[in-house]
Structures are given as C-alpha cells and as structure tokens.
There are 2 protein chains.
Amino acid sequence: MLMQKTASFERNTIVGEAVSLSEIFQYSPTETIASGKTICWEGDAANHLFQVVEGVVRLQRIIGEGRRVITAFLFPGDLVGAALQATYLFTAEAVNDCKIRRMSCKTFHEEVSRSENLRPEYIALLSQEMASAHEQMVLLSKKNAEERLCSFVVRLSERPHLAKEDMLSVPMNRQDIADYLGLTIETVSRTISKLASRKILSPVGRHDLKVASYERLARLSGNTDDFFDKTCDRGSLH
Amino acid sequence: MLMQKTASFERNTIVGEAVSLSEIFQYSPTETIASGKTICWEGDAANHLFQVVEGVVRLQRIIGEGRRVITAFLFPGDLVGAALQATYLFTAEAVNDCKIRRMSCKTFHEEVSRSENLRPEYIALLSQEMASAHEQMVLLSKKNAEERLCSFVVRLSERPHLAKEDMLSVPMNRQDIADYLGLTIETVSRTISKLASRKILSPVGRHDLKVASYERLARLSGNTDDFFDKTCDRGSLH
DNA sequence: CGTCGACTTGAGGACCCTCAACTCCAGTGG
DNA sequence: CCACTGGAGTTGAGGGTCCTCAAGTCGACG
C-alpha cells in the first residue's frame with residue numbers, strides 16, 4: 001500500500017505525467033493468482049482496480065442456486081473494475097494461472113484526473129467495455145447456439161497471443177464457455193462436435209482448436225457486419 | 001450550433017463551473033421528436049449527445065433481416081451516447097413523443113474536462129450504464145419468460161413518473177418489450193395473460209398495467225437480491 | 001491400473017418460436 | 001350511423017431448439 005504510493009510519487013517526479021494507463025500500473029508489484037482463485041467479490045467495497053498482466057480472468061455473477069453468468073473474459077492489458085463503483089458489480093476469478101497488478105481506486109482516480117493524456121484513454125476504455133456489453137446482449141438475445149459459438153471463437157481469435165496460424169488456444173473450460181454464451185455445457189459440446197463434423201474446426205485436446213477457416217466462422221457468427229458493409233442496412237439516408 | 005456555443009460561454013462567465021450534467025444541457029433548446037422517429041443512427045459519426053427531457057427513447061441494433069435487439073430504454077434525465085465513441089453503437093428512436101436537448105460531443109467533453117464536479121458524475125453515469133448492461137446480460141442468459149417480464153415491470157415501476165400507486169404506465173408496445181427481453185411478441189402477450197390469470201397484474205388498455213403486488217413481482221423476477229441480503233451468497237468470507 | 005474430473009453423446013421433454021386465425025380498437029370514408 | 005380497413009394484440013396448434021438427466025468416454029495423475 002505504502003510502497004505503491006511511493007512508487008507513484010517517484011514516477012511523477014521523475015517522468016512527469018503518465019502517458020498511458022498501462023504505465024501507471026507498472027510500479028505496482030505483480031501478484032500471482034492461481035487458476036480458479038478469486039480476485040475480488042461481487043458486492044464488496046471496490047477499493048482496488050486490477051490490471052491483467054498474464055492469463056485470462058472471468059467476470060461473473062451468481063444468481064440463485066447454481067446459476068452463473070459470465071459477463072466478460074479479460075485478457076492481458078484489460079482492467080478489472082474500470083467502471084469505478086462503490087462495490088464490485090461482479091466476482092473476478094482467474095481462468096488459468098494469472099499475473100495481475102493492483103492499484104487503489106483513489107490513486108487511479110487521481111492519476112486520471114491529473115493527466116490530460118489518461119482521461120481520453122480511460123473514457124475510450126469504458127466505451128470499449130460498453131461496446132462489448134452491447135455485442136454480448138445481441139448474442140444472448142438473437143443468436144442460436146452455433147452462431148454464439150462461432151462468435152466466441154472469432155472473438156478469441158482476435159487476441160494475437162491466443163491465435164497461432166490455424167491453432168487457437170482456448171484457456172477456458174466448457175462450463176466457462178457455456179456460462180458466457182448462455183448455453184449449457186452439453187450444448188457447447190454438441191455444437192463443437194457438429195462444427196467438427198462439418199470440418200469447420202476440430203478440437204485438439206481440451207484447450208485448443210484447429211480452425212479451418214476464420215472467414216467461414218465469421219460468416220456463421222451471425223454478425224452482419226462481418227461480410228457486409230455496415231452502411232448498407234440504412235440505405236441512402238442523409 | 002452557434003447559439004449553443006454562446007449559451008455555453010455565457011453560463012461559464014456568469015455562473016462559473018457547472019455543478020451537474022443536467023445543467024449543462026439547460027441552455028440547448030428542446031427539440032421535439034415524434035413517436036417512432038430516429039434521433040441518431042448506429043454507425044454514424046457521433047457528433048452529438050442527447051439528453052432525454054420528456055418521453056421514452058429506445059436504443060436498438062438491427063442484425064440481419066428482421067432481427068432487432070433493444071439494448072436499453074432511456075427516460076427523462078438519461079443521456080444518449082454518454083459512452084463517447086467515434087460512431088454511435090446503436091440507433092436511438094423515440095418510443096413515444098419525446099423532447100430532447102442536444103449538445104456537441106466536443107463541448108460536452110470540454111465541460112466535463114473542465115469541471116471537477118462533473119467528472120465524477122459522468123463516471124458514475126457510465127458505471128450506471130454498465131451496471132444496467134450487466135443486469136440485462138443476466139436476464140438474457142438465465143431467466144425464463146416470466147422472470148424476464150416481471151423484472152421488466154419491476155424496473156419500470158422504479159420510475160416515479162410511470163408508477164402511480166398500483167397503476168403502471170408502459171409507454172412501449174409489445175414488440176418493443178419483446179425485442180428488449182429477447183422474446184417474441186406472442187410470448188410476451190401470453191406471459192402477461194398468464195400473470196393476469198394468476199391475479200398478479202392485469203392489463204388496462206394497451207399501455208397500462210394494474211399491479212396487484214410489486215413485492216410478489218419482485219419475487220417472481222428471479223433477482224436473488226430482491227428478497228435476500230446480497231451478502232448471504234458469499235457465506236462468511238471476510 | 002484405478003480414480004476422478006472434464007468432456008461427450010444419447011434420449012426425452014420443456015419452453016419458447018413459428019405460423020395462422022381471431023379479436024379489439026382507432027381511424028376513414030361512404 | 002355503420003361498414004371497412006389496418007395495425008396492435010391475443011390465442012391456439014404444432015414444431016424446433018436447447019435443456020435435463022443419465023450413461024459413457026477420454027485423459028491426467030497418483
């Protein structure tokens with residue numbers, strides 16, 4: 001806690017204003033979170049923000065007995081709790097072994113307030129989160145199991161550190177995927193099998209997929225804008 | 001446009017810093033939007049923000065042929081496009097006759113940057129939006145038709161200007177409700193009928209509901225925290 | 001080799017969607 | 001005034017998709 005304060009102070013006197021959000025986390029020590037461990041609890045006072053340095057984090061809510069919803073997966077560079085609230089909106093857990101950096105909300109807020117560079121980046125980050133949330137609502141509202149799974153794989157493949165040519169690393173297990181896509185584990189499994197039988201992708205072990213054609217996946221994902229220009233729906237208006 | 005700039009300037013010299021977000025819209029003229037008309041289009045350059053003054057606005061996305069998703073309803077005081085992005089994430093349309101105020105993103109951004117009072121309010125607003133989005137994802141992931149409808153009615157009833165004792169005004173039509181809840185219009189209709197036969201609520205005309213017991217509705221909405229203390233799910237942790 | 005957890009596969013059923021007919025109501029015109 | 005029309009909403013029958021429950025397979029690890 002004290003150390004953090006000091007580090008933060010040093011940087012400001014030496015380097016001047018921070019120029020990127022990642023930079024202000026640099027001086028916090030990395031913490032290691034074992035697979036499955038919790039980073040913060042839904043409902044708890046939100047005293048800290050966390051930056052994912054390595055690994056994958058899931059944000060989830062538990063409702064009633066056994067019903068779990070994963071609202072997002074976070075990857076290196078992403079922030080847990082960027083939308084500063086009095087309490088956390090979700091429980092954050094490590095999908096696999098993770099490294100994170102921690103920062104107090106207060107310090108973060110002060111840094112962002114002070115720096116003209118950080119503020120737009122912070123707003124952009126929140127906007128990005130909103131955009132993802134909208135995307136997810138569309139998926140959950142109107143897509144069938146196959147479209148959901150294809151959307152998921154396409155989104156994963158956009159992470160450069162997960163996709164190596166045609167091999168895609170999928171760090172989360174089937175239950176995570178199911179709870180993220182609003183399906184059951186069985187439906188996820190069946191849908192993968194069906195896609196495999198159509199030679200669109202094939203599972204390799206439990207955490208890898210060999211993808212035959214990302215283009216084909218994108219077409220199956222139900223996103224109009226993946227093969228049409230967005231402006232075409234609106235005709236010639238204005 | 002010019003008028004806006006002038007008004008904005010006047011206020012700053014006379015009253016000093018704005019103390020609330022609503023205040024900075026006060027000097028923009030109100031515009032009237034007829035029911036069903038569009039305020040802004042998904043994908044268009046986001047040059048303006050809008051504050052809803054009167055009426056209800058729906059934010060929606062169209063995907064493919066005939067598939068529409070409503071991601072949010074906005075009520076008086078709410079902002080369209082608060083998550084500043086290069087382009088709008090959604091199309092905004094008037095559910096009923098509306099009055100709105102407009103402000104350029106640039107001006108808004110400057111005002112918020114300048115004022116120490118506005119910034120936390122703005123962050124809080126974005127956080128609020130994120131919280132609603134999370135809530136909606138839970139609804140779409142895990143709730144059945146009855147829970148969705150009850151959640152919807154409970155949320156509407158929290159708007160003081162819509163709820164008068166046991167009568168609730170529902171400005172949106174069945175199709176809007178269906179596209180918001182990820183159901184079909186028939187399922188919405190049937191679910192209302194079933195709730196009516198159980199004397200939980202009864203439709204009065206097309207745009208009003210007589211609600212027997214909000215408490216009972218809350219219990220049917222599938223939100224654990226509507227009848228349990230939130231902390232109970234987590235056991236005795238810390 | 002046995003065990004355990006993660007995953008897959010199958011059978012049956014629930015819930016919601018689709019399609020279609022019907023009611024209700026407001027607005028229009030004879 | 002009433003018939004006509006069209007839009008919004010309701011109701012019914014049937015079917016599809018996904019869920020539930022259950023059994024079986026796979027793979028890691030002792």
Side-chain angles (χ1 to χ4, degrees), chain A residues 34-36 58 63-69 95-97 139-152 169-198 201-209 220 222, chain B residues 34-36 58 63-69 95-97 139-153 169-198 201-210 220 222:
Chain A
S35 170
R58 59 174 179 252
I63 51 165
E65 356 62 56
R67 298 203 281 184
R68 182 182 75 158
V69 178
V95 166
N96 48 12
D97 293 345
L139 180 145
L140 295 170
S141 276
K142 295 282 146 157
K143 291 187 180 178
N144 62 27
E146 184 177 301
E147 291 172 326
R148 291 180 195 202
L149 201 78
C150 291
S151 300
F152 175 67
S169 154
V170 182
M172 46 294 273
N173 63 28
R174 299 288 188 265
Q175 189 65 61
D176 287 338
I177 299 173
D179 289 344
Y180 181 56
L181 298 180
L183 300 170
T184 58
I185 186 173
E186 294 95 334
T187 300
V188 169
S189 185
R190 264 187 267 270
T191 307
I192 293 177
S193 299
K194 273 179 210 152
L195 290 172
S197 73
R198 289 161 59 193
L201 48 74
S202 63
V204 178
R206 285 181 173 172
H207 289 291
D208 291 281
L209 288 177
L220 291 172
Chain B
S35 171
R58 60 174 178 253
I63 51 164
E65 355 63 57
R67 297 203 281 185
R68 182 182 74 158
V69 179
V95 166
N96 50 10
D97 293 345
L139 180 146
L140 294 170
S141 277
K142 295 282 148 161
K143 292 187 179 177
N144 63 26
E146 183 177 300
E147 291 172 327
R148 292 181 196 203
L149 201 78
C150 291
S151 300
F152 175 67
V153 174
S169 156
V170 182
M172 45 295 274
N173 63 28
R174 298 290 188 266
Q175 188 64 61
D176 287 338
I177 299 173
D179 288 344
Y180 182 55
L181 298 180
L183 301 170
T184 58
I185 186 174
E186 294 96 331
T187 300
V188 169
S189 185
R190 264 186 268 269
T191 307
I192 292 178
S193 298
K194 272 179 212 154
L195 290 172
S197 74
R198 289 162 59 193
L201 48 72
S202 62
V204 178
R206 288 185 171 171
H207 289 290
D208 291 281
L209 287 178
K210 193 183 170 96
L220 293 172

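Note that this is a predicted model, so its numbers are computed, not measured. Just so we're on the same page: letters track the sequence lines, and every chain starts at 1.
- A/Asp97 places no side-chain N or O within 3.5 Å of a backbone atom of A/Ala34 that could act as its donor or acceptor partner.
- The nearest whole Å value for the distance from the CE atom in B/Met172 to the C1' atom in D/dG9 is 17 Å.
- In this structure, A/Leu181 places its CG atom 14 Å from C1' of D/dC18, rounding to the nearest Å.
- One N or O on the side chain of B/Arg67 and one on the backbone of A/Lys142 form a donor-acceptor pair closer than 3.5 Å.
- If you take CZ of B/Arg206 and P of D/dT10, they are 8 Å apart, rounded to a whole angstrom.
- With rounding to whole Å, B/Asp176 atom CG is found 10 Å from D/dA8 atom P.
- When rounded to the nearest whole Å, the span between CG of A/Leu149 and C1' of C/dT8 equals 15 Å.
- Within the nucleic acid shown, B/Gly205 has no heavy atom closer than 4.0 Å to any nucleic acid atom.
- Heavy-atom distances under 4.0 Å link DNA chain D to B/Glu186, B/Ser189, B/Arg190, B/Ser193 of residues 186-197 of chain B, given in residue order.
- At whole-Å resolution of the value, CG in B/Asn144 and P in D/dT20 are 11 Å apart.
- Checking side-chain atoms of A/Thr191 against main-chain N and O of A/Thr187 turns up a donor-acceptor pair under 3.5 Å.
- B/Arg68 is listed as a side-chain neighbour of B/Gln175, based on a closest heavy-atom distance under 4.5 Å.
- Judged purely by atom type and a 3.5 angstrom limit, B/Ser189 has no side-chain atom pairing as donor or acceptor with the backbone of B/Ile185.
- As rounded to whole Å, 16 Å separates atom C1' of C/dC24 from atom CG of B/Asn173.
- Between the side chain of B/Arg148 and the backbone N or O of B/Lys143, at least one donor-acceptor pair lies under 3.5 Å.
- As rounded to whole Å, 12 Å separates atom P of C/dT8 from atom CD of A/Gln175.
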